[in-house]
Engineer: 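Before I ask anything, here is the structure I am working with.
The structure displayed is predicted, hence computed values, not measured ones. Counting from 1, the numbers follow the sequence of the chain as shown.
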Amino acid sequence: MTILDPQALQAKVKKCTEEKAVLKDIEFVENGVLVKGKVFVKKLGFLEVEEIDNSYTWENDPDDDGMMRVKSINHHRIRAAQIFGTICVDEDGKLFFESVEQVLKSYPAMCKAMWTVSNELNVFVGKLTTTTSKDTNSGQNLQSTESAEIPSKPVRKRSQTGNTDSGKAIETEEGA
């Protein structure tokens, strides 16, 4: 655990607020035409995270009155909010889009390209790494408890959210 004194915390805040947006190349195909361009990408700030938080709908937990649980997640809005909060027109961080709704109405291929370069800087998805290890554990040294003679039973598994974008539940079967 790292414990920071007030001056160290102030130094972190100053460093964060002085960071400039990074220029990134993007390319995408729109209406059969290859489009190349450059956008500035910045790290998400606290205000921009608020837009991402608006993608979650909460409800009271029926089992515990003092708790809330996620009722639904709007995945399209999450990605749009990530693009809105990180894609800029200049290195000072002036946002490219005026709102999340404007992102949602923009060209899908362009938004996908913008999200990809934003993810490179902000790591919205992907493997976490630590400073002490550059290798990932692939499980190659783990001992298996399954016998090759006895086939595994298929496991019924829900998607991570349990739903598709259409709101219908999906299940898949996985074998060994």
Engineer: Connecting only ILVMFWY residues whose side-chain heavy atoms lie within less than 4.5 Å of each other, what is the rest of Val29's hydrophobic cluster?
Structural biologist: Leu34
Engineer: Start with the C-alpha distance between Ile73 and His75, add both sets of side-chain angles, then the distance that settles side chain to side chain contact (heavy atoms under 4.5 Å, CB included), and finish with yes or no.
Structural biologist: CA-CA 6 Å; Ile73 301 171; His75 297 282; 3.9 Å; yes
Engineer: Report the C-alpha distance between Gln82 and Asn122 in whole Å, list the side-chain angles of each, state the deciding distance to 0.1 Å, and finish with yes or no for side chain to side chain contact (heavy atoms under 4.5 Å, CB included).
Structural biologist: CA-CA 9 Å; Gln82 291 167 337; Asn122 287 281; over 6 Å; no
Engineer: Atom CG of Leu9 and atom NZ of Lys14: how far apart are they, to the nearest 0.5 Å?
Structural biologist: 15.0 Å
Engineer: Begin from the C-alpha positions of Glu101 and Arg77 and carry the test salt bridge (Lys or Arg N to Asp or Glu O under 4.0 Å) through to its verdict.
Structural biologist: CA-CA 8 Å; Glu101 286 70 29; Arg77 184 171 176 82; 3.1 Å; yes
Engineer: Hydrophobic clustering (ILVMFWY, side-chain heavy atoms < 4.5 Å, transitive) - are Leu47 and Val100 grouped together?
Structural biologist: no
Engineer: Would you say Val22 ends up clustered with Ile26 if hydrophobic residues are merged whenever their side chains have heavy atoms under 4.5 Å apart, either directly or through other cluster members?
Structural biologist: no
Engineer: For residues Val41 and Ser118, report the shortest heavy-atom separation together with the two atoms involved.
Structural biologist: CG1-CA, 3.6 Å
Engineer: Do the non-hydrogen side-chain atoms of Phe124 and Thr86 ever get within less than 4.5 Å of each other?
Structural biologist: yes
Engineer: Report yes if some heavy atom in the side chain of Pro62 is under 4.5 Å from a heavy atom in the side chain of Arg69; otherwise report no.
Structural biologist: yes
Engineer: For the CD atom of Glu19 and the NZ atom of Lys15, what is their distance to the nearest 0.5 Å?
Structural biologist: 6.0 Å
Engineer: Looking at side-chain heavy atoms only, is the closest gap between Val39 and Met114 below 4.5 Å?
Structural biologist: yes
Engineer: Quick one: do Lys36 and Asp25 satisfy salt bridge (Lys or Arg N to Asp or Glu O under 4.0 Å)? Show the steps, please.
Structural biologist: CA-CA 7 Å; Lys36 294 182 179 187; Asp25 294 322; over 6 Å; no
Engineer: Are any side-chain N or O atoms of Asp90 and backbone N or O atoms of Asp92, one a donor and one an acceptor, separated by less than 3.5 Å?
Structural biologist: yes
Engineer: With salt bridge (Lys or Arg N to Asp or Glu O under 4.0 Å) as the test, would you mind laying out the steps for Lys42 and Glu91 before giving the verdict?
Structural biologist: CA-CA 8 Å; Lys42 70 176 189 127; Glu91 69 179 5; over 6 Å; no
Engineer: Under 6.0 Å from the CG atom of Asp5, do we count more than 12 heavy atoms belonging to anything else shown?
Structural biologist: yes
Engineer: Taking the side chain as every heavy atom from C-beta outward, state whether Ser106 and Phe97 have any pair of such atoms under 4.5 Å apart.
Structural biologist: yes
Engineer: Out of curiosity, Lys105 NZ to Cys111 SG, how far, rounded to the nearest 0.5 Å?
Structural biologist: 13.0 Å
Engineer: Can you check whether Glu48's main-chain N or O pairs, donor with acceptor, with Glu51's side chain at less than 3.5 Å?
Structural biologist: no
Engineer: Nearest 0.5 Å please: distance from the SG atom of Cys16 over to the NZ atom of Lys43.
Structural biologist: 8.5 Å
Engineer: To the nearest 0.5 Å, what is the distance between NZ on Lys24 and CD1 on Ile87?
Structural biologist: 10.0 Å
Engineer: Which value, rounded to the nearest 0.5 Å, describes the distance between Gln102 atom CD and Leu95 atom CG?
Structural biologist: 10.5 Å
Engineer: Check Met68 against Asn60 and note the closest heavy-atom contact, atom names and distance.
Structural biologist: SD-OD1, 3.0 Å
Engineer: Who else is in the cluster with Leu23 when I, L, V, M, F, W and Y are joined by side-chain contacts under 4.5 Å?
Structural biologist: Phe40
Engineer: Start with the C-alpha distance between Asn119 and Val125, add both sets of side-chain angles, then the distance that settles side chain to side chain contact (heavy atoms under 4.5 Å, CB included), and finish with yes or no.
Structural biologist: CA-CA 7 Å; Asn119 184 50; Val125 295; 3.7 Å; yes
Engineer: Any side-chain heavy atom of Phe96 within less than 4.5 Å of one from Phe84?
Structural biologist: no
Engineer: May I have the step-by-step check of side chain to side chain contact (heavy atoms under 4.5 Å, CB included) for Tyr56 and Asn74, ending in yes or no?
Structural biologist: CA-CA 6 Å; Tyr56 297 88; Asn74 184 331; over 6 Å; no
Engineer: Above 12 or not: heavy atoms from other molecules or residues under 6.0 Å from CD of Glu18?
Structural biologist: yes
